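Reviewing the structure listed below.
Quick note: numbers below take in every heavy atom, side chains included, and nothing from hydrogens, waters or symmetry partners. Ligands are counted one by one from 1 in listed order, and the atoms in each one are counted from 1 as well. Model, not experiment: these values are computed from the prediction.
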Amino acid sequence: MTEERIRRMKDLPSTHLLGSGTPMCSGCGALEALHQIYDVLGEKTVFVNAAGCMTLLSVYPFTPFRGSWLYTAMASAPAGAQGVRDALDILVQRKRMPPEDDLDVVVLTGDGSAYGMGMSAASGAMDRNLDFLYICYDNEGYGNTGQQYSSATPHAALTSTSSRGYPGYKKDLFSIWAAHKPAYVATVIGSEPLDLARKIEKARDMQGPRMIIALSPCPTGWDYDPQESATIGKLAVKTGIWPLKEYIDGKVVHTRVPRQRQPVEDYLQLQGRFSHLFQPERDTTMIAEIQTRVDNYWDEVV
Ligand SMILES: Cc1ncc(C[n+]2csc(CCOP(=O)(O)OP(=O)(O)O)c2C)c(N)n1
Ligand code: SF4
Ligand SMILES: [Mg+2]
């Protein structure tokens with residue numbers, strides 16, 4: 001790393017991630033959401049990141065953020081966040097750091113950690129009422145290691161470990177978090193930037209455990225042309241597959257209600273991971289099952 005490169009990195013605007021040189025796939029929905037989230041959170045943040053695609057943003061000793069970055073094992077990000085929060089509190093308490101220099105502690109992990117390996121650490125952090133924001137970018141699989149399924153993978157999706165379609169069902173992380181009665185839980189997506197910004201602002205200004213789950217269209221894992229990312233994100237909302245909602249003050253509120261929902265197949269057929277539902281012949285039964293699950297969800301909540 002040359003001195004000149006170090007200097008240029010330091011001169012980057014405070015609220016922008018590195019625009020070039022990141023090893024992310026083009027059209028990455030996770031990166032799109034993270035850009036927007038960071039624009040709201042700003043530089044007074046310390047990210048505690050568990051292994052996953054976004055880890056590639058940070059090449060020791062540099063990060064594309066103005067704040068700090070701590071890398072943890074997949075299961076441990078919320079435990080790492082506890083250590084960082086405690087250390088910051090002690091520094092302020094002992095007057096070794098002015099309160100205005102304090103940082104917001106932000107966990108950043110994929111679904112593999114948030115829905116699976118890191119669940120126990122997150123549950124413990126909520127029990128201790130840890131003051132932290134957890135951002136899960138949910139690309140519905142283990143992206144970084146070759147698109148294996150996770151417990152966020154939707155039913156019937158092809159992954160490198162479910163070549164006939166994932167037999168399980170996507171875990172309801174939103175409800176699992178809400179059952180802990182934390183300060184805030186919300187779902188977002190980068191293709192709905194106003195809804196996203198409003199929720200991040202709200203979460204930023206609260207204290208206690210807070211969770212943001214960002215559905216993150218992934219051209220590589222979901223197998224579609226990167227230029228379709230925004231379209232697929234919008235269809236996830238318009239078909240009702242990805243409900244935009246928040247848990248606050250003990251209640252769940254839907255922030256967008258797609259009253260005239262598009263059929264789920266409009267979303268499914270754009271993605272190679274569902275291609276076996278349409279070719280060589282249409283799997284009418286499976287498409288109807290997916291549609292029914294979505295319809296039942298909305299029938300219950302509105
Ligand atoms: C305990 C453990 N098992 C496996 C790995 C290897 N590994 C690194 S990243 C990753 C995938 C993580 O998936 P996810 O959290 O969804 O993030 P994504 O890769 O999709 O961004 C795996 C399995 C690991 N780092 N630690
Ligand atoms: S595999 Fe998916 S989530 Fe990972 S960088 Fe590529 S597009 Fe983004
Ligand atoms: Mg993932």
Side-chain angles (χ1 to χ4, degrees), residues 17-38 47-60 63-64 69-81 106-122 134-154 157-162 166 168-174 176-177 187-191 211-233 236 242 270-274:
L17 300 167
L18 279 179
S20 59
T22 51
M24 303 292 150
C25 317
S26 41
C28 174
L31 194 56
E32 185 199 13
L34 186 55
H35 261 284
Q36 296 178 33
I37 290 169
Y38 191 60
F47 282 93
V48 183
N49 169 243
C53 286
M54 293 305 118
T55 304
L56 304 178
L57 283 170
S58 197
V59 181
Y60 181 82
T63 89
W69 180 281
L70 176 76
Y71 173 62
T72 71
M74 276 187 77
S76 326
V106 180
V107 164
L108 173 68
T109 82
D111 48 287
S113 289
Y115 286 71
M117 286 184 231
M119 175 78 81
S120 160
Y134 191 139
I135 294 163
C136 165
Y137 61 95
D138 179 2
N139 61 359
E140 304 191 317
Y142 287 3
N144 188 238
T145 42
Q147 317 299 340
Q148 297 85 8
Y149 67 74
S150 74
S151 48
T153 299
L158 300 174
T159 70
S160 62
T161 42
S162 58
Y166 180 54
Y169 293 87
K170 187 177 178 77
K171 198 186 271 179
D172 184 357
L173 183 64
F174 180 94
I176 292 169
W177 262 72
T187 58
V188 301
I189 188 159
S191 55
M211 162 61 103
I212 300 288
I213 312 169
L215 184 69
S216 301
C218 168
T220 311
W222 300 8
D223 188 14
Y224 64 83
D225 189 321
Q227 68 183 355
E228 300 292 344
S229 272
T231 305
I232 287 175
W242 187 246
L270 289 180
Q271 304 170 50
R273 64 180 175 156
F274 296 113

*Any idea which part of Asp111 is under 4.0 Å from ligand 1, heavy-atom wise: side chain, backbone, both or neither?*
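Both the backbone and the side chain of Asp111 come within reach of ligand 1.
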
*Select one of side chain, backbone, both or neither to describe which atoms of Met117 lie under 4.0 Å from any atom of ligand 1, heavy atoms only.*
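It is the side chain that gets close, since no backbone atom is under 4.0 Å.
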
At a 4.0 Å threshold, what atoms of ligand 1 neighbour a non-hydrogen atom of [X]?
{"X": "Gly143", "value": "18 (P), 19 (O), 20 (O)"}
{"X": "Ser113", "value": "15 (O)"}
{"X": "Cys53", "value": "18 (P), 19 (O), 21 (O)"}
{"X": "Asn144", "value": "9 (S), 18 (P), 19 (O)"}

From [X] [atom1] over to [Y] [atom2], what is the distance, rounded to the nearest 0.5 angstrom?
{"X": "Asp138", "Y": "Lys170", "atom1": "CG", "atom2": "NZ", "value": "3.5 Å"}
{"X": "Ser151", "Y": "Asp172", "atom1": "OG", "atom2": "CG", "value": "11.5 Å"}
{"X": "Met211", "Y": "Ile135", "atom1": "CE", "atom2": "CD1", "value": "9.5 Å"}
{"X": "Cys136", "Y": "Ile213", "atom1": "SG", "atom2": "CD1", "value": "6.5 Å"}
{"X": "Tyr137", "Y": "Ile189", "atom1": "OH", "atom2": "CD1", "value": "16.0 Å"}
{"X": "Met119", "Y": "Leu173", "atom1": "CE", "atom2": "CG", "value": "5.5 Å"}

Under 3.5 Å: N/O of [X] near N/O of ligand 1:
{"X": "Tyr137", "value": "yes"}
{"X": "Gly52", "value": "no"}
{"X": "Gly141", "value": "yes"}
{"X": "Gly112", "value": "yes"}

Shortest non-hydrogen separation from [X] to [Y] and the atoms involved:
{"X": "Leu31", "Y": "Met24", "result": "CD2-CG, 3.5 Å"}
{"X": "Val48", "Y": "Ala77", "result": "CG1-O, 3.5 Å"}
{"X": "Ser160", "Y": "Gly146", "result": "OG-O, 2.8 Å"}
{"X": "Gln147", "Y": "Thr159", "result": "O-CB, 3.3 Å"}

Among protein heavy atoms, which sits nearest to [atom], and what does the distance come to when rounded to 0.1 Å?
{"atom": "atom 6 (Fe) of ligand 2", "value": "Cys25 SG, 2.3 Å"}
{"atom": "atom 7 (N) of ligand 1", "value": "Thr145 CG2, 3.5 Å"}
{"atom": "atom 25 (N) of ligand 1", "value": "Ala51 CB, 3.7 Å"}
{"atom": "atom 4 (C) of ligand 1", "value": "Met74 SD, 4.0 Å"}
{"atom": "atom 2 (Fe) of ligand 2", "value": "Cys218 SG, 2.3 Å"}

*What N/O/S atom of Asp111 is the closest to the Mg ion (ligand 3)?*
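Among the N, O or S atoms of Asp111, the one closest to the Mg ion (ligand 3) is OD1.
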
Using a strict 4.0 Å cut-off to heavy atoms of [X], name the atoms of ligand 2 that fall inside it.
{"X": "Cys53", "result": "1 (S), 3 (S), 4 (Fe), 5 (S)"}
{"X": "Gln147", "result": "1 (S)"}
{"X": "Asn139", "result": "3 (S)"}
{"X": "Pro219", "result": "7 (S)"}
{"X": "Met24", "result": "5 (S)"}

*So Trp177 and Tyr134, would you call those rings parallel, tilted or perpendicular, with 30° and 60° as cut-offs?*
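Geometry flag for Tyr134 against Trp177: perpendicular rings.
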
State if [X] counts as touching ligand 1 under the rule of any non-hydrogen atom under 4.0 Å.
{"X": "Ser150", "result": "no"}
{"X": "Tyr115", "result": "no"}
{"X": "Thr109", "result": "no"}

_Whether Gly221 has an N, O or S atom under 2.8 Å from the Mg ion (ligand 3)_ =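 No.
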
_Heavy-atom gap Ser216 to ligand 2 smaller than 4.0 Å_ =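 So Ser216 does not count as touching ligand 2.
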
*asked:* In this structure, is the centre-to-centre distance between the rings of Phe274 and Trp222 below 6.0 Å?
replied: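 So the answer is no for these two rings.
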
*Select one of side chain, backbone, both or neither to describe which atoms of Cys28 lie under 4.0 Å from any atom of ligand 2, heavy atoms only.*
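Both the backbone and the side chain of Cys28 come within reach of ligand 2.
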
*More than 12 heavy atoms from other groups under 6.0 Å of OH on Tyr224*: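 Enclosed.
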
*What's the verdict on side chain to side chain contact (heavy atoms under 4.5 Å, CB included) for Ser150 and Met117, showing C-alpha distance, side-chain angles and the deciding distance?*
CA-CA 10 Å; Ser150 74; Met117 286 184 231; over 6 Å; no

